[in-house]
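Below is one structure, written out as structure tokens; comments come after it.
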Amino acid sequence: MSTEPIRFDTKIAVLLRDDLEPWQRLNVTAFLVSGLGTQVPEVIGDPYEDADGVPYLPMFRQPVMVFEASKETLTTAHARVLSRALPRSLFTSDLFSTGNDRDNRAAVRAVSTGDLHLVGLAVYGPRNAVDKVVKGARMHP
């Protein structure tokens, strides 16, 4: 087994609005990254197994970088990710009041792109493109 560090030419980033409650940050992050593996299967690694042979689900093959930013920076990042056509997911403030996927999708569909009240955004793509999307954000503490 090689001990050299693995460098990825891609990046997974989550950008959260900086005024969210701790439980909201965790919830939004979980929802945002859940879609990546279904649409971008190469981000998923191999299944895990412990020393006793108990199997576990596969996870992302690379780290997920979590950032925070103001509402304005998040809006700018959203415009950047759309202009670059990168794989993305979003979470709007409306989704805090829904309780299922059907209602979540309806809440997003009811609002035009420029009027979305974003609280989170996830993006995957080439490292430099993702860095440009999240420019102005800071690493989550």
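In what follows, every heavy atom counts, from backbone to side chain, and hydrogens, waters and symmetry copies are set aside. Numbers here are sequence positions counted from 1. As the structure is a prediction and not an experimental result, all values here were calculated from the model.
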Would you call K71 and D19 a salt bridge, taking side-chain N to carboxylate O under 4.0 Å as the test? no
Does the pair R105/D101 count as a salt bridge with the N-to-O cut at 4.0 Å? yes
Hydrophobic clustering (ILVMFWY, side-chain heavy atoms < 4.5 Å, transitive) - are [Y] and [X] grouped together?
| X | Y | value |
| --- | --- | --- |
| M139 | F8 | no |
| F60 | L57 | no |
| L118 | L26 | no |
| M59 | L32 | no |

Would one find more than 12 heavy atoms of other residues, nucleotides or ligands at under 6.0 Å from atom CG of D46? no
Would you check if the side chain of [X] reaches a backbone N or O of [Y] as a donor-acceptor pair within less than 3.5 Å?
| X | Y | result |
| --- | --- | --- |
| R80 | K135 | yes |
| R17 | T73 | no |
| D52 | V54 | no |

In sequence, state the C-alpha distance, the side-chain angles, and the governing distance for V119 and H117, and then conclude on side-chain contact (heavy atoms from CB on, under 4.5 Å). CA-CA 7 Å; V119 298; H117 295 152; over 6 Å; no
May I ask you to decide if the ring planes of F96 and W23 are parallel, tilted or perpendicular, using 30° and 60° as cut-offs? perpendicular
Stepwise side-chain contact (heavy atoms from CB on, under 4.5 Å) check, T10 with Q62: CA-CA 9 Å; T10 58; Q62 66 189 92; 3.0 Å; yes
